[in-house]
Amino acid sequence: MRPAIRTLLAGFAAALLLGAPSARAGDTYVALKGGVLAPTAKDGISAAGGAVTGQFPTSGDVEVALGATFGIIGAQISTGYMWSSQTVTNLGATGTAKASMIPLTVVGQLRLPIFFIQPYLEAGIGGLLNFATTSEAFVSTATTKASFMVVGGAGVDFILGPVLLGAEARYNYITEQTFDWGSMKLSGVTLTANVGYVF
């Protein structure tokens with residue numbers, strides 16, 4: 001029994017020693033993120049002086065990120081595309097509001113490298129460009145608005161040699177956007193799976 005335990009411990013130690021260099025394979029990475037956007041504001045869409053409101057449904061988020069790690073400190077810049085749409089009814093008339101968003105964020109990270117596993121907390125700021133469209137009956141409008149963002153979240157990266165696999169959850173606070181017809185509140189949670197290349 002003891003030789004089996006020794007063999008198991010030796011194998012575990014070898015795996016840790018082999019895993020440790022992979023966690024330091026490189027300090028810079030590029031990653032593709034994909035997942036969902038879950039808006040949190042119940043009055044995400046407000047029209048007719050607040051008489052008509054609705055919440056944007058869960059939709060999609062794709063991003064590309066460039067990051068660097070320096071031991072327990074990390075930094076990342078990312079951009080991408082998020083989208084959502086909602087249908088509201090007012091006095092029998094049905095209308096649709098669509099948000100097509102391009103975020104740009106810069107975050108700092110506090111990382112805890114454990115061989116090839118790197119959990120982290122992050123916080124940062126950014127901006128969001130929204131190409132909003134609304135339509136009701138045969139009338140449609142298109143407007144572009146910009147908002148300020150504050151980002152906070154957590155995630156984990158698995159550094160497998162030059163390959164990065166990870167998962168991330170973020171809360172994105174986005175300032176309200178006001179239009180001629182009403183307003184949009186686009187703050188929400190993004191959940192993404194990440195795959196990247198470490199160099």
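For reference, positions follow the sequence shown, starting with 1. Worth saying up front: this structure is predicted, and the values here are computed from it rather than measured.
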- Message: Hydrophobic cluster membership, with links at side-chain heavy-atom distances under 4.5 Å among I/L/V/M/F/W/Y: are Ile73 and Val107 in one?
- Response: no
- Query: Who pairs with Lys98 by salt bridge (charged side-chain N to carboxylate O under 4.0 Å, His left out), at least two apart in sequence or on another chain?
  - Reply: none
Side-chain polar contacts of residues 187-199 - donor-acceptor pairs under 3.5 angstrom, sequence neighbours left out - could you list them?
residue : atom : partner : partner atom : Å
Ser187  : OG   : Ile174  : N            : 2.8
Ser187  : OG   : Ile174  : O            : 3.2
Thr190  : OG1  : Asn172  : ND2          : 3.4
Thr192  : OG1  : Asn194  : OD1          : 3.0

- Check step by step if side chain to side chain contact (heavy atoms under 4.5 Å, CB included) holds for Ile102 and Thr79. CA-CA 7 Å; Ile102 297 177; Thr79 187; 3.8 Å; yes
- Leu160 vs Phe116 side-chain heavy atoms within contact, under 4.5 Å: yes
- Nearest heavy-atom contact between Asn130 and Ala99 is OD1-CA, 3.5 Å
Side-chain donor-acceptor contacts of residues 148-155 below 3.5 Å, not counting sequence neighbours, with atom names and distances?
none

- Sequence neighbours excluded, which residues qualify as salt bridge (charged side-chain N to carboxylate O under 4.0 Å, His left out) partners of Asp157? Arg111
- Item | Thr105 and Ser78: CA distance, side-chain angles, deciding distance, side-chain hydrogen bond (donor to acceptor under 3.5 Å, both in side chains) verdict | CA-CA 5 Å; Thr105 59; Ser78 63; 2.7 Å; yes
- Item | More than 12 heavy atoms of other groups within 6.0 Å of Leu129 CG | yes
- Check Ala68 against Phe70 and note the closest heavy-atom contact, atom names and distance. CB-CZ, 3.7 Å
- Item | Side-chain heavy atoms of Tyr81 within contact of Met101, under 4.5 Å | no
- Can you measure from CG (Leu128) to CG (Leu186) and round to the nearest 0.5 angstrom? 6.5 Å
- Query: Quick check: does any side chain N or O of Thr87 sit under 3.5 Å from a backbone N or O of Thr96, one acting as donor and the other as acceptor?
  - Reply: no
- Message: Which residues pass the side chain to side chain donor-acceptor pair (under 3.5 Å) test with Glu122, not counting sequence neighbours?
- Response: Gln109, Arg170
- Message: If we count only N and O atoms by modelled type, under 3.5 Å, do the side chains of Gln55 and Asp43 hold a donor and an acceptor together?
- Response: no
- Query: Would a 4.5 Å heavy-atom cut-off, applied to side chains only, mark Thr133 and Ser135 as touching?
  - Reply: no
- Item | 4.5 Å side-chain heavy-atom contact, Trp181 and Ile45 | yes
- Within one Ile-Leu-Val-Met-Phe-Trp-Tyr cluster: Phe115 and Ile117, side-chain cutoff 4.5 Å: yes
- Atom of Ala38, atom of Thr58 and distance for their closest heavy-atom approach: CB-OG1, 3.9 Å
- Query: Can you pull the salt bridge (charged side-chain N to carboxylate O under 4.0 Å, His left out) pairs that have at least one residue in residues 63-87, sequence neighbours excluded?
  - Reply: none
- Item | Linked, directly or transitively: Val156 and Ile114 (ILVMFWY side chains, under 4.5 Å) | yes
- Kindly compute the distance separating CG (Asp27) from OG1 (Thr69), expressed to the nearest 0.5 Å. 5.0 Å
- Smallest separation among heavy atoms of Gln118 and Pro113, with atom names: CG-CA, 3.9 Å
- same_hphob_cluster(Leu104, Val106) at 4.5 Å side-chain heavy-atom cutoff: yes
- All heavy atoms of Phe56 vs all of Gly44, minimum pair found to be CE1-O, 3.6 Å
- Query: Any side-chain donor-acceptor pair under 3.5 Å between Ser46 and Thr53?
  - Reply: no
- Would you name the heavy atoms of Pro57 and Pro39 that are closest together and state the gap between them? O-CD, 3.4 Å
- Item | pair Gln177-Thr143: side-chain heavy atoms closer than 4.5 Å | no
- Query: When you measure from the side chain of Ser100 to the backbone N and O of Trp83, does any donor-acceptor pair fall under 3.5 Å?
  - Reply: no
- Message: Within this structure, what is the CZ-CG distance for the pair Phe158 and Leu165, rounded to the nearest 0.5 Å?
- Response: 8.5 Å
- Message: Could you go through Tyr29 and Ile159, starting from their C-alpha distance and side-chain angles, then the distance that decides it, and tell me whether this counts as side chain to side chain contact (heavy atoms under 4.5 Å, CB included)?
- Response: CA-CA 10 Å; Tyr29 63 89; Ile159 311 297; over 6 Å; no
